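Worth saying up front: this structure is predicted, and the values here are computed from it rather than measured.
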Amino acid sequence: MSENKTLNVYDDQAETYQKANAEWDDPAFADFVAAMPRGGAVLDLGCGPGRAAARMADSGLHVTATDGSREMIRLAQKHPGVAARQATFDEIEGQS
């Protein structure tokens, strides 16, 4: 499946995915957030609807979230403290 077709599926299913995964809980994720310094910066690649990004932001982290799907980004941007932008993995460049 081409990248555009794949992203179209994500766009079409974004709200369904968000609802189906609303009750997500992962102890390893909680450990990761707890190990981060308060105010630390996190890059969430492939953030989907922003559920993890929102939890990190709620914990005092500065979160930049990216996803290839415009609809996933639209949902992620609704979370306070989450800076979300549309980008595929190959569009992300390192910063010095």
Side-chain angles (χ1 to χ4, degrees):
M1 186 179 295
S2 76
E3 182 176 306
N4 287 339
K5 287 181 182 179
T6 301
L7 292 176
N8 287 340
V9 170
Y10 280 108
D11 286 341
D12 291 343
Q13 297 299 316
E15 294 205 17
T16 301
Y17 178 83
Q18 180 183 37
K19 290 174 187 170
N21 294 284
E23 297 301 319
W24 168 75
D25 187 32
D26 181 348
F29 177 76
D31 291 344
F32 166 78
V33 172
M36 292 293 296
R38 182 140 180 92
V42 179
L43 176 60
D44 185 354
L45 300 172
C47 68
R51 178 186 56 237
R55 287 188 184 176
M56 289 185 282
D58 288 346
S59 296
L61 299 172
H62 297 282
V63 182
T64 300
T66 66
D67 200 282
S69 163
R70 74 176 181 281
E71 288 300 309
M72 292 291 190
I73 290 300
R74 182 184 63 78
L75 294 172
Q77 288 173 334
K78 292 181 178 183
H79 298 289
V82 176
R85 69 178 181 92
Q86 185 177 1
T88 59
F89 293 134
D90 60 339
E91 294 172 327
I92 298 169
E93 295 182 21
Q95 296 182 4
S96 320

Can you give me the closest heavy-atom contact between A65 and V82, atom names plus distance? CB-CG1, 3.9 Å
With E23 via side-chain contact (heavy atoms from CB on, under 4.5 Å) - residues at least two apart: none
Enumerate, atom names and distances included, each donor-acceptor pair closer than 3.5 Å involving a side-chain atom of residues 7-15, sequence neighbours excluded.
residue, atom, partner, partner atom, Å
N8, ND2, N4, O, 3.2
D11, OD1, S69, OG, 2.5
D11, OD1, R70, N, 3.1
D11, OD1, E71, N, 3.2
D11, OD2, R70, NH1, 2.6
E15, OE2, R74, NH2, 2.7

Partners of D26 by side-chain hydrogen bond (donor to acceptor under 3.5 Å, both in side chains), sequence neighbours excluded? none
What pairs meet the ring pair (Phe, Tyr, Trp, His ring centres under 6.0 Å) rule with one or both residues in residues 39-92, with sequence neighbours excluded? none
Can you give the donor-acceptor pairs under 3.5 Å from side chains of residues 31-55 to other protein atoms, not counting sequence neighbours?
residue, atom, partner, partner atom, Å
R38, NH1, S59, O, 2.8
R51, NH1, N21, O, 2.9
R55, NH1, W24, O, 3.0
R55, NH2, W24, O, 2.5

Going by side-chain hydrogen bond (donor to acceptor under 3.5 Å, both in side chains), name the residues that satisfy it together with T64, two or more places apart in sequence or in a different chain. none
Besides L75, the hydrophobic cluster formed by Ile, Leu, Val, Met, Phe, Trp and Tyr side chains linked at under 4.5 Å, directly or via other members, contains none
Spacing of CG belonging to D67 relative to OG1 belonging to T88, to within rounding of 0.5 Å: 10.0 Å
